[in-house]
Enquirer: 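I have a structure here, written as structure tokens, and I will follow up with some questions on it.
Proteins get letters first, then strands, A, B, ... in listed order; numbering begins at 1 in each. Remember, it's a predicted structure, so these values are computed and weren't measured experimentally. Scope of the values below: all heavy atoms of this structure, side chains included, with no hydrogens, waters or symmetry mates.
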2 protein chains.
Amino acid sequence: MPKLWNETIDKHRAAVRDAALDAMAKLVAEHGLVALTMSQIAEQAGIGRATLYKYFPDAHTVLTAWHEREITAHLDQLAAVVDPADPAVVRLQAVLQTYAHIQRHRAGHHGSELATLLHRGEHVERAQRRLRDFIQHLLAEAAQAGDLRDDVPADELAGYCLHALTAASTVTGQEAVHRLVAVTLDGLRPAPPAHQQR
Amino acid sequence: MPKLWNETIDKHRAAVRDAALDAMAKLVAEHGLVALTMSQIAEQAGIGRATLYKYFPDAHTVLTAWHEREITAHLDQLAAVVDPADPAVVRLQAVLQTYAHIQRHRAGHHGSELATLLHRGEHVERAQRRLRDFIQHLLAEAAQAGDLRDDVPADELAGYCLHALTAASTVTGQEAVHRLVAVTLDGLRPAPPAHQQR
């Protein structure tokens, strides 16, 4: 096939796939996760059921694919707010602030049911691992610079951060999100914080 | 009906209800949340589909009822570890430690999908509200005693604690759970921690 033709097919396939994922998110937001079917997703996406089956074997796969797409998009967002010239602790702060706002936004957008759902699946785990590695790397760098605690492994601190900030989905107002980020960061301070006395 | 007869019926009804909830938890742990049906729950519970419908109108209601039962049980567990003679900050520490262990246990038991799922519904929200109130009350008391920060509202700190500790479902080993609780508590320390210098 000529290259252009291939590209058109690729574009078309991506569009169908995206329509299915959007449909899935909408259905779950409206009806919850229970009894989500391929027929519902196809109808919502405006595609045939047979077509949908060419892309996904079952509804759970649609859900995990959607989730993978979300995490990857968030990772791009987080990477974009970082200024490489800043010290690690400053970059970390920017990243955590952005992540908290994403959590808050997701809560309003998809409902708490989706916002806090962890899906299984190889692809999702890989995407989540990348997100966690990204945070972990910043934490390790900041700890090495003496700006963060080094008595707890960076991967555990990354888990702490990512989970603590999901609380952003339950608070009201931007100010509360800022306070949540501040409290979460305080949990990361080095043990003898002589320079932090106020 | 005589009282004994009534009690027998009540017991029977409770047993059927519990069987349905256990079935639901098992199905979700095995197959995930998508496409969970009343037929599956009935079969897993070893009861007829018609019987199940006498107890629950749909699968989502079974799920929320199960979740409500879980939260209520956890609340009882948390209340049991508290020694009223201890200062609030000590009681809080015991409660958060226990909550982290519950999160860890749940992760192994039901998988991360269930462990982090927030279900909607009036009953669940009430149970969750009680859990959050319980933590919030301890936080407020400890803050008033000067042992915890008072620059952030106690209900926001409660949300922070409960979310941060769900990270326990991702760590390996008891020691890591202890470290998570320690880090989470450090986020709650009062702003000028002169007495905490090590």
Enquirer: Please report the interatomic distance CG(B:D186) to OH(A:Y160), rounded to the nearest 0.5 Å.
Expert: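 If I round to the nearest 0.5 Å, the distance is 8.0 Å.
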
Enquirer: Can you say whether A:L185 sits under 4.5 Å from chain B via the side chain, the backbone, both, or neither, judging by heavy atoms?
Expert: neither

Enquirer: Determine, stepwise, if the pair A:T170 / B:R132 fulfils side chain to side chain contact (heavy atoms under 4.5 Å, CB included).
Expert: CA-CA 11 Å; A:T170 68; B:R132 200 165 161 150; 3.4 Å; yes

Enquirer: Of the backbone (N, CA, C, O) and the side chain (C-beta and beyond), which part of B:L157 lies under 4.5 Å from a heavy atom of chain A, both, or neither?
Expert: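 The side chain, not the backbone.
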
Enquirer: Closest heavy-atom contact between A:R179 and B:D151?
Expert: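 Looking at all heavy atoms of both residues, the shortest contact is CD-O, 4.3 Å.
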
Enquirer: Got a sec: does the CD of B:Q77 have more than 12 other heavy atoms crowding it under 6.0 Å?
Expert: yes

Enquirer: Of all residues at least two apart in sequence or in a different chain, which pass the ring pair (Phe, Tyr, Trp, His ring centres under 6.0 Å) check with A:H178?
Expert: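 For A:H178 the ring pair (Phe, Tyr, Trp, His ring centres under 6.0 Å) partners, ignoring immediate neighbours, are A:H101.
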
Enquirer: When heavy-atom pairs shorter than 4.5 Å are enumerated against chain A, which of B:G159, B:C161, B:A176 gives the highest number?
Expert: B:A176

Enquirer: So how far is it from B:L165 CG to A:H163 NE2, rounded to the nearest 0.5 Å?
Expert: 10.5 Å

Enquirer: With sequence neighbours excluded, tell me which residues meet side chain to side chain donor-acceptor pair (under 3.5 Å) with B:D150.
Expert: none

Enquirer: Are any non-hydrogen side-chain atoms of B:V183 and A:R149 less than 4.5 angstrom apart?
Expert: yes

